[in-house]
Asker: 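Handing you a structure now.
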Amino acid sequence: MSTNSDAAEMFREIADLLDVLGEKFKPEAYRRAARSIESLTEDLKAVAARGDLRTIPGVGEAIAEKIEEYLKTGKVDYYERLTKQVPPGIADLLRLPGLGPKTARRFWLELGVEGPNELAAAIDAGRLTGLKGFGPKKIEQVRAALAAAKAAPPSGRLPIEEAYPIAQRLLAGLRASAGAEQLEIAGSFRRCRETVGDLDLLATSQTPARVFDTFSALPDVREVRLRGPTKETVLLTNGLQVDLRVVEPEEFGAALLYSTGSKDHNVHLRTIARDRGLKINEYGIYRGEERVGGRTEEEMYRALRLSWIPPEIREDRGEVEQAARGAVPRLVEAGDLTGDLHVHLPDEARPADVDRVVAGARQAKLRYVGIVVAGERADGSRFELPRPVLERIAHESGTSLRLERVREVPADGLPESWPAGEDRIVVRPTRGVPRPPSRKPGPTLGPIVAHLGGEEAARPWIEWLRGASGAIEVGPGPERIDSVSARAALEAGIGLCVVTGVGRDPDDPAAPISLGFARRAGAEKGSVRNAASPASVTRNGSAARTARSRSGA
DNA sequence: GCCGTTTTCGGCCCGACTGTTTTCAGTCG
């Protein structure tokens with residue numbers, strides 16, 4: 001665990017403790033600080049060393065001091081004092097669905113209950129009966145929540161690549177028979193966050209009840225948590241919670257904006273609305289009684305005199321200010337991709353697999369594809385594509401679509417010079433040898449660093465490529481870098497490599513998520529290696545250099 | 001506790017849903 005996530009976690013715990021103690025606004029302040037510390041691309045130590053802690057959104061004098069104290073001593077006196085005031089089990093009560101700080105505090109102070117086990121005992125002993133605000137249904141709810149928490153510990157957030165196929169199934173099921181017109185997934189899924197806590201679906205329909213009936217009956221759905229006239233919440237068989245809202249068409253943009261978030265982005269928009277004498281909610285945007293927008297997101301942003309902001313960057317990290325200046329970056333899009341530099345064929349590859357890649361690449365209008373023809377696997381064994389496959393690659397390589405030979409080498413087996421031989425190099429950071437070699441790649445046609453995972457693992461490789469050429473593959477899973485590391489790479493002037501999906505199963509979500517992570521990192525077309533013109537990514541190093549110096553990069 | 005092209009003090013998003021209520025509090029997103 002890094003310093004940043006440890007510090008963020010501590011501030012979240014402080015927020016929970018303050019909540020239970022009945023504080024009004026401090027808890028949100030600490031949570032906001034925790035959120036922005038978590039999304040930092042830089043280590044807190046480095047920020048503190050520069051004296052820039054207070055430039056972190058949500059970090060003011062008091063929290064900056066606590067960060068300093070934490071970095072210096074490893075603990076924070078204020079936090080220690082709070083934990084002494086509240087029994088440790090109270091935090092576990094807060095994790096129970098439907099049970100918040102007010103209730104936890106009452107259990108603690110009025111019943112002397114200090115944790116889940118004592119609460120269960122109190123219910124069994126009938127001690128909740130007669131407590132003001134606790135009827136039989138509420139008591140049963142708490143009992144069920146306790147039992148559920150015991151049977152299945154909180155599942156936490158789901159990696160987006162695991163949520164992706166589920167989301168597609170739900171969409172398909174609703175499209176098939178629900179009478180839904182517009183249908184979108186909002187929430188952190190639409191922002192392409194690395195993990196999602198739940199799924200937020202949004203629809204328009206003439207017949208909301210029918211939509212909810214269809215939704216409740218989908219095979220993935222285990223139980224209906226709550227259902228009103230406009231909103232339903234269900235639990236899937238895997239424990240994931242899904243909210244579905246049905247709204248009027250003229251409200252769809254407002255509802256989409258509202259439920260895509262993030263929280264900080266929404267709060268910022270509402271503040272701007274207020275300052276301009278407007279009111280904004282999930283149904284629209286209003287000046288007094290007059291409705292001035294809500295059918296589309298563009299309408300909503302326009303009414304605030306902002307340009308439309310792509311969902312992936314709605315995190316209140318400066319994008320609202322950019323939109324006010326009309327300076328929102330034009331993020332890389334699928335249609336910008338000109339090629340793929342890292343395609344693997346199956347272990348027992350046959351010439352037909354090359355044909356499949358070629359067909360996919362033509363359909364995606366790619367102009368070059370790098371196929372890994374030889375290399376070393378994670379377990380150290382070597383592989384090389386069979387001769388008939390190599391021949392098919394050579395034969396298929398034409399002028400409209402060029403096929404490149406790619407060699408994949410482990411980090412501790414890097415060749416002596418760059419570029420090495422005729423092949424492009426993909427570097428596979430070797431397990432147990434996580435650090436890059438001291439020798440940097442050359443200034444022209446650099447390697448693609450792939451099969452690299454985790455923020456901690458990414459840092460040294462970003463340093464390795466700083467000032468040199470090369471790119472890092474971004475995308476889901478433990479073998480690629482996420483959007484936080486991708487942002488750090490972009491800040492260091494290093495290009496990204498985006499997965500195109502060519503040669504992959506059509507249901508494989510790696511490509512859309514890879515693009516989403518790149519966008520989330522703020523990548524424009526110019527900083528994505530495989531969105532560049534073929535000339536600047538050829539084997540000819542001088543062409544690459546010319547292209548780059550001309551574009552001023 | 002944070003924050004400020006109307007503020008260094010006085011705000012801090014706002015509505016759905018539930019259970020318990022004769023009008024609302026708590027939770028959630």
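Just so we're on the same page: letters track the sequence lines, and every chain starts at 1.
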Asker: Looking only at atom C1', what distance separates B:dT6 and B:dG11, rounded to whole Å?
Answerer: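 Pairwise C1' distance, B:dT6 against B:dG11, rounds to 14 Å.
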Asker: With heavy atoms under 4.0 Å as the rule, sort A:Gln241 into base, sugar-phosphate or nothing.
Answerer: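 Counting heavy atoms under 4.0 Å across all strands, the contact made by A:Gln241 is with sugar-phosphate only.
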Asker: If you measure from the C1' atom in B:dT20 to the same atom in B:dC14, how many Å do you get, rounded?
Answerer: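 B:dT20 and B:dC14 have their C1' atoms separated by 22 Å.
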Asker: So what does A:Ser259 touch, heavy atoms closer than 4.0 Å: a base, only the sugar-phosphate, or nothing?
Answerer: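 Answer is nothing: A:Ser259 stays at 4.0 Å or more from every strand.
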Asker: Describe the nucleic acid contact of A:Glu23 in one word from base, sugar-phosphate, nothing, applying a heavy-atom distance below 4.0 Å.
Answerer: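 No contact.
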Asker: Quantified in whole Å, what is the P atom distance between nucleotide B:dT5 and nucleotide B:dG1?
Answerer: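 Here B:dT5 and B:dG1 have their P atoms 23 Å from each other.
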Asker: Going by ring-ring contact (aromatic ring centres under 6.0 Å, His included), name the pairs with one or both residues in residues 87-142 of chain A, residues two or more places apart or in two chains.
Answerer: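 Output for this query lists A:Phe107-A:Phe134.
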Asker: Return the pairing partner of B:dC17 with a 3.5 Å limit on both distances, Watson-Crick or G-U wobble; otherwise return none.
Answerer: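 By the stated definition (distances under 3.5 Å), B:dG26 pairs with B:dC17.
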Asker: Can a side-chain donor-acceptor contact be found between A:Thr195 and A:Arg157 if the only test is distance below 3.5 angstrom?
Answerer: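 A pair is found: one side chain offers a donor N or O, the other an acceptor, under 3.5 Å apart.
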Asker: With heavy atoms under 4.0 Å as the rule, sort A:Arg245 into base, sugar-phosphate or nothing.
Answerer: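 Sugar-phosphate: the residue A:Arg245, judged by heavy atoms under 4.0 Å, touches backbone atoms but no base.
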Asker: What distance, rounded to whole Å, do you find between the two C1' atoms, one in B:dC13 and one in B:dC3?
Answerer: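 16 Å, rounded to whole Å.
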Asker: Regarding A:Tyr30, tell me which of base, sugar-phosphate or nothing describes its non-hydrogen contacts under 4.0 Å with the strands shown.
Answerer: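 Sugar-phosphate only.
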Asker: Passes ring-ring contact (aromatic ring centres under 6.0 Å, His included), A:Phe189 versus A:Tyr164? Steps please.
Answerer: CA-CA 8 Å; A:Phe189 185 93; A:Tyr164 204 92; 5.6 Å; yes
Asker: Any ion pair linking A:Glu315 and A:Arg520 (charged N to carboxylate O, less than 4.0 Å)?
Answerer: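 A salt bridge is present here (some side-chain N lies under 4.0 Å from a carboxylate O).
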Asker: Could you check whether A:Asn281 gets within reach of a base, just the sugar-phosphate, or nothing at all, counting any heavy atom under 4.0 Å?
Answerer: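 Sugar-phosphate only.
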Asker: Could you pick out which residue, A:Glu232 or A:Arg274, lies toward the 5' side of DNA chain B when each is mapped onto its nearest nucleotide?
Answerer: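 Looking at DNA chain B, the more 5' nearest nucleotide goes with A:Arg274.
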Asker: Looking for any heavy atom pair under 4.0 Å, which part of the strands does A:Pro229 touch: base, sugar-phosphate only, or nothing?
Answerer: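 Sugar-phosphate contact only.
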Asker: Hey, could you give me each pair passing ring-ring contact (aromatic ring centres under 6.0 Å, His included) that has a residue in residues 275-294 of chain A? Not counting sequence neighbours.
Answerer: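 Of all non-adjacent pairs touching residues 275-294 of chain A, none passes ring-ring contact (aromatic ring centres under 6.0 Å, His included).
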Asker: With a 4.0 Å cut-off on heavy atoms, is A:Leu269 in touch with a base, just the backbone sugar-phosphate, or nothing at all?
Answerer: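 Nothing, no heavy atom under 4.0 Å.
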Asker: Please report the distance separating the C1' of B:dC17 from the corresponding atom of B:dC12, rounded so that it comes out in whole Å.
Answerer: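 24 Å, rounded to whole Å.
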Asker: Using a heavy-atom cut-off of under 4.0 Å over every strand shown, decide if A:Lys26 touches base, sugar-phosphate, or nothing.
Answerer: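 Answer is base: heavy atoms of A:Lys26 come under 4.0 Å of a base.
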Asker: When we call it a touch if two heavy atoms are under 4.0 Å apart, what does A:Thr230 touch: a base, just sugar-phosphate, or nothing?
Answerer: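 If one applies the 4.0 Å heavy-atom cut-off, A:Thr230 turns out to touch the sugar-phosphate alone, with no base involved.
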Asker: Could you tell me which residues satisfy salt bridge (Lys or Arg N to Asp or Glu O under 4.0 Å) with A:Glu65, sequence neighbours excluded, listed by chain and number?
Answerer: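 For A:Glu65, no residue satisfies salt bridge (Lys or Arg N to Asp or Glu O under 4.0 Å) once neighbours in sequence are set aside.
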Asker: What residues, two or more places apart in sequence or in another chain, satisfy side-chain contact (heavy atoms from CB on, under 4.5 Å) together with A:Arg127?
Answerer: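 So A:Arg127 forms a side-chain contact (heavy atoms from CB on, under 4.5 Å) with A:Leu111, A:Ala122, A:Ala125.
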Asker: P atom, B:dT21 versus B:dA16: distance in rounded Å?
Answerer: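 After rounding to an integer number of Å, I get 24 Å for this pair.
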Asker: Using the heavy-atom set of chain A and a strict 4.0 Å cut-off, write down the first and last nucleotide of DNA chain B that makes it in, 5' to 3'.
Answerer: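 Range of nucleotides within reach of chain A: B:dG1 to B:dG29.
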Asker: Show which side-chain atoms of residues 137-147 of chain A pair as donor or acceptor with protein atoms under 3.5 Å away, not counting sequence neighbours.
Answerer:
| from | atom 1 | to | atom 2 | distance (Å) |
| --- | --- | --- | --- | --- |
| A:Glu140 | OE1 | A:Arg143 | NE | 3.2 |
| A:Arg143 | NH1 | A:Asp124 | OD1 | 3.3 |

Asker: When the P atoms of B:dT23 and B:dC28 are compared, how many Å lie between them, rounded to an integer?
Answerer: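 Straight-line distance between the two P atoms is 26 Å.
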Asker: For A:Gly135 and A:Leu99, take the nucleotide of DNA chain B holding the closest heavy atom to each; which residue's nucleotide lies nearer the 5' end?
Answerer: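 Closer to the 5' end of DNA chain B: A:Gly135.
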Asker: Pick base, sugar-phosphate or nothing for A:Lys132, based on heavy-atom distances below 4.0 Å to the nucleic acid.
Answerer: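 Nothing, no heavy atom under 4.0 Å.
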Asker: Using a heavy-atom cut-off of 4.0 Å across all strands, would you classify A:Glu28 as base, sugar-phosphate, or nothing?
Answerer: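 If one applies the 4.0 Å heavy-atom cut-off, A:Glu28 turns out to touch nothing in the nucleic acid.
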